[in-house]
Amino acid sequence: MAATFFGEVVKAPCRAGTEDEDEEEEGRRETPEDREVRRQLARKREVRLLRRQTKTSLEVSLLEKYPCSKFIIAIGNNAVAFLSSFVTNSGVWEEVGCAKLWNEWCRTTDTIHLSPTEAFCVFYHLKSNPSVFGSCPRKNMQITILTSRHVTEYKTSESTGSLPSPFLKALKTQNFRDPVCCSLLEQPNIVHDLPAAVLSYCQVWKIPAVLYLCYTDVMKLDLITVEAFKPILSSRTFKGLVKNIPQSTEMLKKLMTTNEIQSNIYT
Amino acid sequence: MFVPCGESVPDLAGFTLLMPAVSVGNVGQLAIDLIISTLNMSKIGYFYTDCLVPMVGNNPYATAEANSTELSINTEVYSLPSRKLVALQLRSIFIKYKSKPFCEKLLSWVRSSNFARVILLSSSHSYHRNDLQLRSTPFRYLLTPSMQKSVQNKIKSLNWEEMEKSPCIPEINDSEFCIRIPGGGITKALYDESCSKEIQMAVLLKFVSEGDNIPDALGLVEYLNEWLQIIKPCSDDPTASTLRWKIPSSWRLLFGSGLPPALF
C-alpha cells in the first residue's frame with residue numbers, strides 16, 4: 001500500500017512480485033475441475049516441434065536428426081532480418097523444422113494453424129555443411145544468440161539519451177573461449193526472457209555460447225539497427241558463412257521496403 | 001536441481017544454508033548479496049529450475065576487471081567451507097504457480113545434502129503491523145520445532161522477538177490465530193513445510209516498506225550476525241556497521257541511469 005500526495009491509499013505493485021495471498025487462496029479453493037483446466041492449459045502451451053512447415057511432428061528430437069556444431073538463434077525482428085539478409089541469404093539453407101507455440105498472449109486460439117505473422121520459429125540447416133544450424137546441448141556445439149533491446153533498458157551513469165545507439169554488447173558463458181566482437185555487458189545490466197533462458201542453460205551445462213545484444217532506440221525493423229550487428233560477421237562462427245556482403249545489404253534494403261507500413265497523414 | 005560448477009558435487013553435510021525469500025523490498029536477497037560479497041564466498045554451483053524468471057548478467061560481486069566477466073544466472077549457490085556456510089541466491093521472481101514446486105525441490109535438496117540447518121532471510125509488509133509491533137523492534141524470528149530444541153537458549157539470550165500470531169481471517173472477530181507473513185513470498189510455505197518435514201529452519205525477517213531497502217538489508221545482516229557472528233561484532237556505533245559489510249559492485253544505479261543534463 002502506498003499513500004499518494006492526494007491522500008488516497010493505493011495498492012502499489014510489490015517489486016518482489018509477491019502475490020502470495022492470492023496464490024494461497026487459489027490453492028485452497030482449487031477443485032478437481034480447476035486442476036483439469038490447468039492441466040489442459042499447460043498442454044496447450046507446450047512447444048511443439050514440427051517438420052518443415054507441415055503439420056507432422058518430428059518423431060525424434062531435432063538435434064538427434066540433425067546433429068550440429070554451430071547453433072545460431074535470432075530473437076526479435078532486427079536480429080532475424082540480420083540473419084536472413086547476411087547469413088541464410090548466402091549459401092543454400094534448407095528448412096528442417098519449426099517450433100510452434102501458443103500462450104494466452106497470442107491473439108488466436110487455434111494452436112495448429114498459426115500464420116507466419118504469429119510468434120513461431122523456423123529451423124534451417126546449411127546444405128553444404130549440415131553441421132551448421134541456423135535458428136541442444138551437445139558437447140562440441142557452440143551457440144550464438146542475437147537479439148535487440150531498447151536503449152532505455154541500458155543502465156549507465158550518463159543519461160541514456162547521450163548514448164551512441166545502436167550499439168552492441170555481449171555476454172558469454174564460461175566455456176566460450178573465442179574473442180567477442182564487442183565489449184561485454186557491464187554490471188549492473190542484465191538480460192532476461194528467452195535469450196537469458198538459453199544462456200543460463202548453456203552456462204549451467206557448460207556449453208560455449210555467446211549472446212550479442214543490440215541496444216537501439218528503434219524497436220521496429222530498422223536498417224541502422226540491423227547493420228549494428230555487422231561486427232559479428234568477422235567472428236569465427238560467421239566466417240565462411242557470409243559470402244557476399246553488398247548483395248546482403250541489397251537483400252536487407254528489400255526486406256525493409258516490403259515491411260514498411262504505408263504511411264498516412266497521421267505519421 | 002543442484003548442478004555443480006566443477007566435475008563433482010561438493011560434500012555439504014553439516015553446513016548451514018543461508019537463503020532469501022523473494023519478499024517485499026527484496027531485503028532477503030540484498031542481505032544474501034552482502035553476505036556473499038563480504039565473506040568473498042565462491043560459487044560452487046547452480047540450483048537450476050524453471051520456477052523463476054530467467055536472467056543473466058556478469059559477475060555481480062566483481063572487484064576487478066579480471067573477475068568481472070563470469071556469467072551469473074538467476075539461482076546460484078556459494079560456499080565458505082571454513083565457516084561451513086552455503087548461500088543460495090535467488091535473483092528473480094517466481095513464475096505464477098511455480099513457487100510451490102520450487103519449495104518442494106528446494107527442501108528435497110536440503111534433505112539430500114544433509115544441511116545442518118536452513119536460515120531464511122525475509123521481510124514482511126510494515127503496514128500490516130499491529131499497534132504492539134509498531135512500537136517494538138522491526139525484527140522478528142521464527143523457528144521450526146526441530147530447530148527450537150537446538151537453539152532456543154541462544155535465541156533467548158539475544159532477547160529477540162518471536163513473530164506473533166495474528167487472526168487468520170482479520171475480518172472475523174473470533175477467527176483462529178496463525179502465523180501470517182504478508183509480503184513474505186514463499187516464507188510461510190517454506191516454514192510450514194519445514195515444520196511438517198522436521199527440517200531445522202530459522203526465519204529471520206524485518207518489517208519493511210518498498211523503497212531504498214539497503215539500510216533494511218544492512219539491518220537484517222546485523223540481526224543475523226548477532227546470532228551467527230559471521231563477522232566480528234563491533235562497538236555500539238551504528239554507522240560503523242555500514243562499513244563492515246562490503247557493498248557489491250552490482251548495486252550501482254539501483255534507481256536507473258543518470259539524468260539528461262537538459263532536464264535542468
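Here is how names work: the chains are called A, B, and so on, in the same order as the sequence lines, proteins then strands, and each is numbered from 1.
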Asker: Just so I understand: if I count every heavy-atom pair under 4.5 Å between each of B:S249, B:G25, B:G45 and chain A, which residue has the most?
Answerer: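 That would be B:G25.
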Asker: Report which part of B:N59 has an atom under 4.5 Å of a heavy atom belonging to chain A: side chain, backbone, both, or neither.
Answerer: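 Just its backbone gets close to chain A.
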Asker: Name all residues meeting the salt bridge (Lys or Arg N to Asp or Glu O under 4.0 Å) criterion together with A:E36; count only those two or more places apart in sequence or in a different chain, and write none if there are none.
Answerer: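 By the salt bridge (Lys or Arg N to Asp or Glu O under 4.0 Å) rule, A:E36 matches A:R39.
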Asker: Tell me, for A:E158 versus chain B, whether the close heavy atoms (under 4.5 Å) come from the side chain, the backbone, both or neither.
Answerer: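 Only the backbone of A:E158 comes within 4.5 Å of chain B.
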Asker: What part of A:S200 gets within 4.5 angstrom of chain B, counting heavy atoms only: side chain, backbone, both, or neither?
Answerer: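 It is both, since atoms from each part get that close.
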Asker: Could you check whether atom CG of B:L253 has more than 12 heavy atoms from other residues, nucleotides or ligands sitting under 6.0 Å from it?
Answerer: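 Yes, CG of B:L253 has more than 12 neighbouring heavy atoms, counting only those of other groups under 6.0 Å.
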Asker: Are there residues of residues 102-110 of chain B whose heavy atoms fall under 4.5 Å of chain A's heavy atoms? If so, which?
Answerer: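 The residues closer than 4.5 Å to chain A amount to none at all.
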Asker: May I ask you to decide if B:D216's main-chain N or O and B:N213's side chain share a donor-acceptor pair within less than 3.5 Å?
Answerer: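 Between the backbone of B:D216 and the side chain of B:N213 there is no qualifying donor-acceptor contact (under 3.5 Å).
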Asker: Taking salt bridge (Lys or Arg N to Asp or Glu O under 4.0 Å) as the test, write out the residues that go with A:K172, two or more places apart.
Answerer: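 Listed in chain order: nothing, the list is empty.
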Asker: So, are B:R91 and B:E76 salt-bridged, with charged N and O less than 4.0 Å apart?
Answerer: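 Between B:E76 and B:R91 there is a salt bridge, with a charged N closer than 4.0 Å to a carboxylate O.
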Asker: The criterion is salt bridge (Lys or Arg N to Asp or Glu O under 4.0 Å); which residues satisfy it with B:K165, sequence neighbours excluded?
Answerer: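 Applying salt bridge (Lys or Arg N to Asp or Glu O under 4.0 Å) to B:K165 gives none.
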Asker: Which one of A:D193, A:V198, A:I190 has the most heavy-atom pairs closer than 4.5 Å to chain B?
Answerer: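 Of the candidates given, the most pairs with chain B belong to A:I190.
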Asker: Would you mind reporting whether B:D131 and B:Q133 have side-chain heavy atoms less than 4.5 Å apart?
Answerer: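 Side-chain contact under 4.5 Å: no.
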Asker: Is a side-chain donor or acceptor of A:S165 paired with a backbone partner of A:T216 at a separation under 3.5 angstrom?
Answerer: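 It does not hold such a pair.
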Asker: What part of B:P4 is in contact with chain A, defined as an atom under 4.5 angstrom from a non-hydrogen atom: side chain, backbone, both or neither?
Answerer: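 It is the backbone, since no side chain atom gets that close.
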Asker: Treating B:N74 as the side-chain partner and B:V53 as the backbone partner, does any N or O pair qualify as donor plus acceptor under 3.5 Å?
Answerer: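 Yes: the side chain of B:N74 pairs with the backbone of B:V53.
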